[in-house]
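Side chains are part of it too, since the values below use all heavy atoms of this structure and drop only hydrogens, waters and symmetry mates. Lettering of chains follows the sequences in order, A, B, ..., and the numbering in each one begins at 1.
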Amino acid sequence: MIRTHQAGALRRDDVGATVVLTGWVATRRDHGGVTFLDLRDASGVVQVVSRDLPDVHALRNEWCIKVTGEVGARKEGNENPDLSTGHIEVVATAVEVLSESETPPFPIHGSEPIDSGVDETTRWRYRYLDLRRTGPASALRTRAKIVSVIRRVMERHEFVDVETPYLTRSTPEGARDFLVPVRLQPGHWYALPQSPQLFKQLLMVAGLERYYQIARCFRDEDFRADRTPEFTQLDIEMSFLDEEDVFALTEELFAELWRDVLGVELPTPFPRITYWESMRRYGSDKPDLRFELELVDLTEHMQGTEFRVFQAEHVGAVVVPGGAGYTRKELDGWQEWARSRGAKGIAWLLVPDPATGDGGSELRGSITKLEAERLTSLPAAAGAAPGDAILFAAGPRRTTLELLGALRNAVARQRGLVREEEWRFLWVVDAPMFEPVSSDNPAVAEGAVAGWTAVHHPFTAPTEAYAATFHDDPEHALARAYDVVGNGMELGGGSIRIHQREMQQRVFDVIGLTRDEAQSKFGFLLEAFNYGPPPHGGIAFGLDRLAATLAGTDAIREVMAFPKASSGGDPLTGAPTPVTERQRKEAGIDVRPEL
RNA sequence: GGUCCUGUGGAGCAGCGUGGAGUGCUCGCCGCCCUGUCAAGGCGGAGGUCGCGGGUUCAAAUCCCGUCAGGACCGCCA
């Protein structure tokens, strides 16, 4: 190394040592006769002081330099308690410029928080400068730490790390594939994997018993703050297991991650809740338990009403504590919020509080034309106290619950009900096995079921109760699927797979997959299953979401080294780019093979 | 495919509703001064076709239409 020490690691013990440091000029304070430089390297920042080196006046921020000098204790009163190196400074005897720098496009210094007001476009465009900053860089370090803990836990349990192909066939998940043309077979394309699902099942047939991989996955779908076209999963599969093995492993892994990364002790085991209970109580299959605000079911209460809005399959509500003080504008805001989500709207009722005067003197709301009996008993039925507001939604059961679930989250955020310091994990189990094919085809009548599709994927096993009947009653069949949810975020999910041919065939029958189609799509897996497949199952965790959660950010871009923009492009390299006519020809892009 | 927000010297913002000279703030940048600062301080200075195109108007950063880029959300995505 061309240096002797790390700048940020120097302490009182080093006083008197002659050191050679390298790094970047974070800032300079030039007093004419004495000049201070903050020298930054990966370890942190140290103050360099120069009294008689004429060259230092020419230095500028972000120049890469080498400093030779002696570590000195700072005089009392000159110490900086905010700096871990604040008790010492390096008295420079020589400064060498390793390379000069343009003025950076945004301030760098060193100690900015992760999102310090610089426009993201600019940060991603100059990500290599962004990462000179402590906050953004520490997010990547957190991610590396997470990967390290993961490997430690997986190796402790004798999991085998196997790399599966990135150039492969389409996997049976629902997302669009990224396609890669193949020069040697014009007109034929690889798909980049949406997950290593089929390969890890093959590895179970192969008898590996315990597989894991930190695998890049690709889905050509639209963006969200927590979704990007390429992302990383911790992918796990085990043989001869049941759900308890997956739960125990996950809880051990999470407990160790939270302990080592954040110093937080997670209580285990995580509570479990069924999918439908979660929908009923929270309107979501990934409920945030850091606040209460459980949904109220008023379907019974509205049975037989003349009030048309509430003549619906499901009537539910969120009770907003202290919401009687809502202004008309705020209530209109909720209407707009609901409509922006494609709902017809939400009804509201303010319960007056005589003590504070909030909500006036009588029940007010958009539903006061409701039968008097029903109206006056409504606050009690909803569990609303004086001073509360009740926000209603009515309609088909599932969409109404989902709307109320989103409302629950929005209300909690708006009213500051989320206990931000808490970590609340849970398992959501017993998800439906199938859901109706959402058909935009006008030929399919409103409400009619055009067919069924696997909620999870078609290799997910039914629960014992539905093993014999799921093909006759796909609507109610439950799957041996599980999601792990933390603070309202889906951090991972998996299932116990089907390993019996007969059962697998019935699933294909339900989703309308013919033998030929199944054979052509994943005949290789079915063939493998002819050779004594073990009972198996697994789980996959979104590593980016895990890292973002542990790094304390909502945006998974922050824990990716070179994230994509929401257009799907790479702001730094400018990819994707058009290809030349010659490349098209070589890759056989325009060739249409006989199907 | 859809809805909404944003785009103003290098960075972050204000200005836009109710049109009137590129006006302002914090930082950065350049020069000079300065021997104990902590993202130093003082004085001076440079730097902007207000994303782009069109329209309305005597006059557009401001109003209208289109478009591009970025972001959030719905659809989609287990």
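Separating the P atom of B:rG44 from that of B:rU6 is a span of 37 Å, rounded to the nearest Å. A gap of 11 Å separates the P atoms of B:rG7 and B:rC63, to the nearest Å. To the nearest whole angstrom, the two C1' atoms, one in B:rG47 and one in B:rC52, are 22 Å apart. A gap of 12 Å separates the C1' atoms of B:rG19 and B:rC58, to the nearest Å. When the P atom is compared between B:rG28 and B:rC74, the two are found 40 Å apart, to the nearest whole Å. Here, B:rU3 and B:rC65 have their P atoms 13 Å apart, quoted to the whole Å. Comparing the P positions of B:rG55 and B:rC16 gives an interatomic distance of 26 Å, to the nearest angstrom. Atom C1' of B:rU26 sits at a distance of 36 Å from the matching atom of B:rG66, rounded to the whole Å.
Between A:H476 and A:F470, the distance from one ring center to the other does not fall under 6.0 angstrom. Ring-centre distance between A:Y166 and A:Y190: not below the 6.0 Å cut-off.
Atom OH of A:Y466 is separated from atom CE of A:M433 by 11.5 Å, given to the nearest 0.5 angstrom.
Per the stacking criterion (ring centres < 5.5 Å, plane angle < 30°), A:H457 does not stack onto the base of B:rA78.
Following rounding to the nearest Å, A:K75 (NZ) and B:rC38 (P) show an atom-to-atom distance of 16 Å. As a whole-Å value, the separation of A:W63 CH2 from B:rG28 P is 18 Å. Computed from coordinates, the A:R74 CZ to B:rA40 P distance equals 13 Å when rounded to whole Å. Here B:rG12 presents its C1' atom at 13 Å from CZ of A:F106, a figure rounded to the nearest Å. Atom C1' of nucleotide B:rG31 and atom NE2 of A:H57 are separated by 15 Å, given to the nearest angstrom. For the pair A:D222 CG and B:rC77 C1', the computed distance is 9 Å after rounding to whole Å. Rounded to an integer number of Å, the gap from CZ of A:R60 to C1' of B:rG31 is 10 Å. Atom pair A:L407:CG and B:rC74:P shows a separation of 14 Å (rounding to whole Å applied).
Across all strands shown, B:rU49 forms no Watson-Crick or G-U wobble pair with both distances under 3.5 Å. Pairing of B:rU18, defined by two Watson-Crick or G-U wobble distances under 3.5 Å, is not identified with any nucleotide. With a cut-off of 3.5 Å on both pairing distances, the Watson-Crick or G-U wobble partner of B:rC4 is B:rG71. Across the strands present, B:rC27 finds its partner in B:rG10; the criterion is a Watson-Crick or G-U wobble pair with both atom distances under 3.5 angstrom. B:rC63 and B:rG55 make up a base pair, with Watson-Crick or G-U wobble contacts both under 3.5 Å.
In terms of position on RNA chain B, the residue among A:D38 and A:E402 whose nearest nucleotide sits closer to the 5' end is A:D38. Annotation: of the two residues near RNA chain B, A:D483 and A:T103, the 5′-most nearest-nucleotide partner is A:T103.
For A:T85 against A:A7, the heavy-atom pair with the smallest separation is CG2-O, 3.6 Å.
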Report task. For nucleotides 66-73 of chain B, just jot down a letter per nucleotide in 5' to 3' order: B, S or -, based on protein non-hydrogen atoms under 4.0 Å. Result -> ----SSSS
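Put simply, A:N61 has a side-chain N or O that comes within less than 4.0 Å of OP1 or OP2 on B:rC29. The phosphate of B:rC76 has neither OP1 nor OP2 within less than 4.0 Å of any side-chain N or O from A:R227. When the side-chain nitrogen and oxygen atoms of A:R29 are compared with OP1 and OP2 of B:rU37, none of them lie within a distance under 4.0 Å. When the side-chain nitrogen and oxygen atoms of A:T35 are compared with OP1 and OP2 of B:rU37, none of them lie within a distance under 4.0 Å.
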Query - Stepwise side-chain hydrogen bond (donor to acceptor under 3.5 Å, both in side chains) check, A:R29 with A:Q47 - result: CA-CA 10 Å; A:R29 295 176 290 280; A:Q47 173 165 285; 2.9 Å; yes
**Report entry** Steps toward side-chain hydrogen bond (donor to acceptor under 3.5 Å, both in side chains) verdict (A:Q194, A:D177)
**Finding:** CA-CA 7 Å; A:Q194 295 176 31; A:D177 288 316; 2.6 Å; yes
Report task. Take A:Y282 and A:F291 through the ring-ring contact (aromatic ring centres under 6.0 Å, His included) test and state the conclusion after the steps. Result -> CA-CA 10 Å; A:Y282 305 107; A:F291 55 94; 8.4 Å; no
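A donor and an acceptor atom never sit less than 3.5 Å apart when one is taken from the side chain of A:R219 and the other from the base of B:rC77.
Nearest to the side-chain atoms of A:P107 among the listed nucleotides B:rG75, B:rA11, B:rU35 stands B:rA11. With B:rA78, B:rC76, B:rC34 as the choices, the nucleotide that has an atom nearest any side-chain atom of A:E221 turns out to be B:rC76.
Judged by distance alone, the side chain of A:Y482 and the main-chain N or O of A:S495 form a donor-acceptor pair under 3.5 Å.
If you check the side chains of A:Q213 and A:T164, you find a donor sitting under 3.5 Å from an acceptor. A donor-acceptor pair shorter than 3.5 Å cannot be found between the side chains of A:Q504 and A:R497.
A:E102 comes within 4.0 angstrom of no nucleic acid atom, judged by non-hydrogen atoms across all strands.
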